[in-house]
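Have a look at the structure below before the remarks.
Positions are given from 1 along the sequence.
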Amino acid sequence: MSAYRWKSFHEDEDRPEKPRRFGVTEMRGPHYTLLTQNVLQDIFESMGQFVDGLKFAGGSHSLMPKNFIKEVTDMAHKHDVYVSTGDWAEHLRGKGPSAFKEYIEECKHLGFDTIELNVGSLGIPEETLLRFVRLIKSDGMKAKPQFTLKINKSDIPIGGDRAFGAYIVPQPQTYEMVEDVDLLIRRAERCLEAGADMIMIDADDVCKYADSVRADVIAKVIGRLGLEKTMFEASSAQTSEWFIKHYGPKVNLFVDHSQVMDLECLRGRNLGKNHTSVLGSSYFLF
């Protein structure tokens with residue numbers, strides 16, 4: 001009998017086999033570095049059971065030949081990995097009402113399963129955003145609106161004299177407005193009501209600051225939207241570790257391809273290194 005015990009999802013009720021509704025790992029595709037088909041194939045063959053989705057981040061798919069994209073999406077599907085667009089839909093503004101519909105059809109033809117809508121970059125009225133979500137769903141694809149939480153540390157009230165999440169007028173010396181978290185959540189809730197499958201949250205700014213502040217914001221988002229319907233963009237291994245420490249293996253995370261194995265170690269606690277902060281984490285209390 002082998003001395004090693006290989007991971008089995010049947011033994012881990014917190015993270016079932018694919019397709020998963022929670023504990024989803026979405027991987028960044030070509031963006032900061034150019035991933036060849038061979039590299040992607042190696043990732044899928046060695047760690048495919050841990051990868052749920054592949055995202056062409058930053059509109060990178062717009063720079064690639066269509067036949068290359070189709071080969072990548074076909075490869076991903078063979079490993080039960082869905083494929084998502086990244087930022088790009090904002091380039092369709094001002095091109096007429098039919099442009100977005102044509103974009104959906106082209107994405108579907110290329111093998112994309114999910115279309116991401118960067119709400120901040122789109123800069124469209126809320127009703128138009130909801131119409132885009134419905135158009136995506138009507139074509140049989142999944143819709144994933146992305147919201148960004150932006151926090152300017154100097155604008156956060158100290159002393160606990162004001163509920164966090166309320167709008168705060170920026171001081172003259174600051175350059176970035178504090179996000180109205182309640183408004184963001186309300187818009188995300190309306191997207192879910194319109195049929196959105198997942199809400200992507202870029203929480204990088206929140207995770208730069210004190211634990212008490214970022215915990216408040218993240219808890220508020222998860223409390224209103226639900227863990228299954230929320231995915232957080234983790235820009236570093238430390239951010240991923242923080243989310244697993246506080247919310248356990250069920251949290252949905254978007255990470256760079258280089259972090260997939262480390263993230264799975266954190267989720268499963270069969271660690272190749274000593275993540276003591278995770279092993280002593282609070283999620284075991286739930």
Side-chain angles (χ1 to χ4, degrees), residues 7 9 15-21 23-92 95 98-118 121-122 132-133 135-146 196-198 200 202 231 233-235 240 252-264:
K7 178 157 184 169
F9 286 105
R15 195 133 180 278
E17 290 277 6
K18 296 193 298 184
R20 288 181 273 265
R21 294 180 295 106
V24 172
T25 295
E26 186 171 290
M27 181 183 81
R28 178 184 287 110
H31 184 36
Y32 297 119
T33 58
L34 182 61
L35 295 186
T36 65
Q37 288 190 39
N38 289 338
V39 172
L40 288 172
Q41 182 73 28
D42 289 343
I43 292 173
F44 291 149
E45 289 183 354
S46 62
M47 297 181 288
Q49 62 176 326
F50 310 134
V51 179
D52 298 272
L54 170 70
K55 181 166 86 168
F56 281 75
S60 56
H61 62 285
S62 65
L63 303 174
M64 300 175 184
K66 292 182 179 180
N67 62 328
F68 176 84
I69 296 173
K70 190 66 171 66
E71 289 172 1
V72 170
T73 57
D74 288 344
M75 182 197 307
H77 293 155
K78 288 178 182 177
H79 293 272
D80 297 320
V81 174
Y82 70 80
V83 187
S84 172
T85 67
D87 297 352
W88 179 250
E90 60 269 23
H91 293 280
L92 302 173
K95 293 188 177 182
S98 64
F100 189 75
K101 181 69 174 176
E102 293 170 357
Y103 172 65
I104 296 174
E105 292 172 354
E106 182 176 18
C107 288
K108 188 174 183 179
H109 175 72
L110 292 173
F112 286 97
D113 307 284
T114 301
I115 292 181
E116 186 172 285
L117 299 170
N118 190 318
S121 299
L122 277 171
F132 283 0
V133 170
L135 280 173
I136 294 169
K137 295 297 294 181
S138 67
D139 249 338
M141 300 185 70
K142 293 184 177 181
K144 183 177 57 173
Q146 175 179 337
D197 299 270
M198 185 75 73
M200 173 73 82
D202 179 359
M231 178 178 289
E233 185 168 348
S235 60
S240 296
N252 304 316
L253 294 175
F254 168 68
V255 298
D256 189 72
H257 70 280
S258 61
Q259 299 173 24
V260 169
M261 185 172 289
D262 189 61
L263 173 58
E264 193 58 35

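The existence of a salt bridge linking Asp74 and Lys78 is excluded, since no basic side-chain nitrogen approaches an acidic carboxylate oxygen closer than 4.0 Å. Using a 4.0 Å cut-off between a side-chain N of Lys or Arg and a carboxylate O of Asp or Glu, Asp52 and Arg20 qualify as a salt bridge.
Not one N or O on the side chain of His257 forms a donor-acceptor pair closer than 3.5 Å with the backbone of Val39. Here the side chain of Thr85 pairs a donor or acceptor atom with the backbone of Glu116 at under 3.5 angstrom. The closest donor-acceptor contact from the side chain of Lys66 to the backbone of Glu106 lies at 3.5 Å or more, if one exists at all. The backbone N or O of Glu233 lies less than 3.5 Å from no partner atom in the side chain of Asp202, so there is not a single donor-acceptor pair.
The shortest distance between side-chain heavy atoms of Glu264 and Met47 does not fall below 4.5 Å. Side-chain contact between Leu117 and Leu122: present, with at least one pair of heavy atoms (C-beta onward) separated by less than 4.5 Å. Considering only heavy atoms from C-beta on, Lys18 comes within 4.5 Å of Val81 through its side chain. Two residues are said to be in side-chain contact when any heavy atoms from C-beta on lie closer than 4.5 Å; His109 and Lys70 fail this criterion. Taking the side chain as every heavy atom from C-beta outward, Leu40 and Leu54 approach each other to under 4.5 Å. Put simply, the side chain of Thr73 does not reach to within 4.5 Å of the side chain of Leu110, judged on heavy atoms.
Annotation for His77: atom NE2 counts as buried by contact number, over 12 foreign heavy atoms lying within 6.0 Å.
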Fill in: Full working for side chain to side chain contact (heavy atoms under 4.5 Å, CB included) between Glu45 and Met75
CA-CA 10 Å; Glu45 289 183 354; Met75 182 197 307; over 6 Å; no

Discussion item. Using the rule given for side chain to side chain contact (heavy atoms under 4.5 Å, CB included), can you reason through Asp139 versus Lys101, listing the C-alpha separation, both sets of side-chain angles and the distance that settles it, and then say yes or no?
Written reply: CA-CA 9 Å; Asp139 249 338; Lys101 181 69 174 176; 3.3 Å; yes

Item to complete: With side chain to side chain contact (heavy atoms under 4.5 Å, CB included) as the test, would you mind laying out the steps for Val24 and Met231 before giving the verdict?
Response: CA-CA 8 Å; Val24 172; Met231 178 178 289; 3.7 Å; yes

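Of all heavy-atom pairs spanning Met141 and Phe112, the tightest one is CE-O, 3.1 Å. The two residues Ala143 and Val133 make their nearest non-hydrogen contact at CB-CG1, 4.0 Å. Here the closest non-hydrogen pair linking Val83 and Gly111 is CB-O, 4.3 Å. Between Ser240 and Gln259, the shortest heavy-atom contact is OG-OE1, 3.9 Å.
Relative ring orientation between Phe100 and Phe132 is described as parallel, the plane-to-plane angle staying below 30° on a 0-90° scale split at 30° and 60°.
Paired with Asp197 under the rule salt bridge (Lys or Arg N to Asp or Glu O under 4.0 Å), one option of Lys137, Lys144, Lys142 passes, and it is Lys137.
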